[in-house]
Amino acid sequence: MSAQHDKPTSRAPALAVQVHAARIRNAFSVETLAALAQVDPEAITALEKGDAIKDVAAWDRIMNVLGLSPDSHR
(Lines give C-alpha, C1' and ligand atoms only; values in the text may rest on other atoms or scores of the structure.)
Protein backbone atom coordinates (compact mmCIF):
# COMPACT_ATOMS: atom_id res chain seq x y z
CA MET A 1 0.00 0.00 0.00
CA SER A 2 1.34 3.42 -0.85
CA ALA A 3 1.82 6.14 1.71
CA GLN A 4 -0.94 8.11 0.02
CA HIS A 5 -3.53 5.57 1.11
CA ASP A 6 -2.32 5.01 4.64
CA LYS A 7 -4.52 6.44 7.35
CA PRO A 8 -2.83 9.15 9.40
CA THR A 9 -1.67 7.99 12.80
CA SER A 10 -1.94 11.43 14.34
CA ARG A 11 -4.32 14.34 14.28
CA ALA A 12 -1.37 16.73 14.20
CA PRO A 13 -1.53 17.40 10.43
CA ALA A 14 -5.25 18.24 10.60
CA LEU A 15 -4.67 20.43 13.64
CA ALA A 16 -1.80 22.19 11.88
CA VAL A 17 -4.10 23.08 8.99
CA GLN A 18 -6.82 24.29 11.36
CA VAL A 19 -4.45 26.45 13.40
CA HIS A 20 -2.91 27.98 10.30
CA ALA A 21 -6.31 28.62 8.69
CA ALA A 22 -7.68 30.22 11.86
CA ARG A 23 -4.60 32.45 12.19
CA ILE A 24 -4.94 33.63 8.59
CA ARG A 25 -8.71 34.05 8.92
CA ASN A 26 -8.12 36.29 11.94
CA ALA A 27 -5.39 38.19 10.05
CA PHE A 28 -2.84 37.45 12.79
CA SER A 29 0.85 37.25 12.09
CA VAL A 30 2.74 34.55 13.99
CA GLU A 31 4.13 37.27 16.25
CA THR A 32 0.71 38.82 16.92
CA LEU A 33 -0.89 35.48 17.78
CA ALA A 34 2.04 34.62 20.01
CA ALA A 35 1.69 37.94 21.86
CA LEU A 36 -2.07 37.52 22.27
CA ALA A 37 -1.68 33.94 23.52
CA GLN A 38 1.35 34.85 25.65
CA VAL A 39 3.58 32.20 24.07
CA ASP A 40 6.82 32.19 22.11
CA PRO A 41 6.36 32.51 18.35
CA GLU A 42 8.11 29.15 18.07
CA ALA A 43 5.06 27.51 19.68
CA ILE A 44 2.83 28.85 16.91
CA THR A 45 5.27 27.73 14.25
CA ALA A 46 5.51 24.27 15.84
CA LEU A 47 1.72 23.84 15.88
CA GLU A 48 1.45 24.94 12.26
CA LYS A 49 4.12 22.42 11.28
CA GLY A 50 2.24 19.63 13.04
CA ASP A 51 4.67 19.38 15.94
CA ALA A 52 3.32 18.88 19.44
CA ILE A 53 3.88 21.44 22.15
CA LYS A 54 4.20 20.15 25.69
CA ASP A 55 2.84 23.22 27.50
CA VAL A 56 -0.88 22.44 27.80
CA ALA A 57 -1.66 25.92 29.11
CA ALA A 58 0.03 27.49 26.08
CA TRP A 59 -1.91 25.12 23.80
CA ASP A 60 -5.19 26.22 25.46
CA ARG A 61 -4.33 29.92 25.15
CA ILE A 62 -3.48 29.59 21.45
CA MET A 63 -6.67 27.68 20.72
CA ASN A 64 -8.78 30.14 22.71
CA VAL A 65 -7.34 33.18 20.91
CA LEU A 66 -8.09 31.49 17.59
CA GLY A 67 -11.64 30.59 18.66
CA LEU A 68 -10.96 26.87 18.40
CA SER A 69 -11.97 24.36 21.02
CA PRO A 70 -8.84 23.22 22.84
CA ASP A 71 -10.46 20.07 24.25
CA SER A 72 -11.46 18.68 20.87
CA HIS A 73 -7.82 18.35 19.79
CA ARG A 74 -6.32 16.47 22.74
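- Under the side-chain hydrogen bond (donor to acceptor under 3.5 Å, both in side chains) criterion, Thr32 pairs with Ser29, sequence neighbours left out.
- Between Asn26 and Leu66 the shortest heavy-atom distance is ND2-O, 3.8 Å.
- Between the CE atom in Met63 and the CG atom in Asp60 there is a gap of 8.5 Å [rounded to 0.5 Å].
- Note on residues 16-29: pairs passing salt bridge (Lys or Arg N to Asp or Glu O under 4.0 Å), not counting sequence neighbours, are Arg23-Glu48.
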Ignoring hydrogens and angles, write down the donor-acceptor pairs under 3.5 Å from the side chains of residues 37-45, residues two or more places apart or on other chains.
residue: Thr45; atom: OG1; partner: Pro41; partner atom: O; Å: 3.2

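- With sequence neighbours left out, Ala46 forms a side-chain contact (heavy atoms from CB on, under 4.5 Å) with Asp51, Ile53.
- With sequence neighbours left out, the salt bridge (Lys or Arg N to Asp or Glu O under 4.0 Å) criterion links Arg61 to no other residue.
- Residue pairs satisfying the salt bridge (Lys or Arg N to Asp or Glu O under 4.0 Å) criterion with at least one member in residues 27-39, sequence neighbours excluded, are absent.
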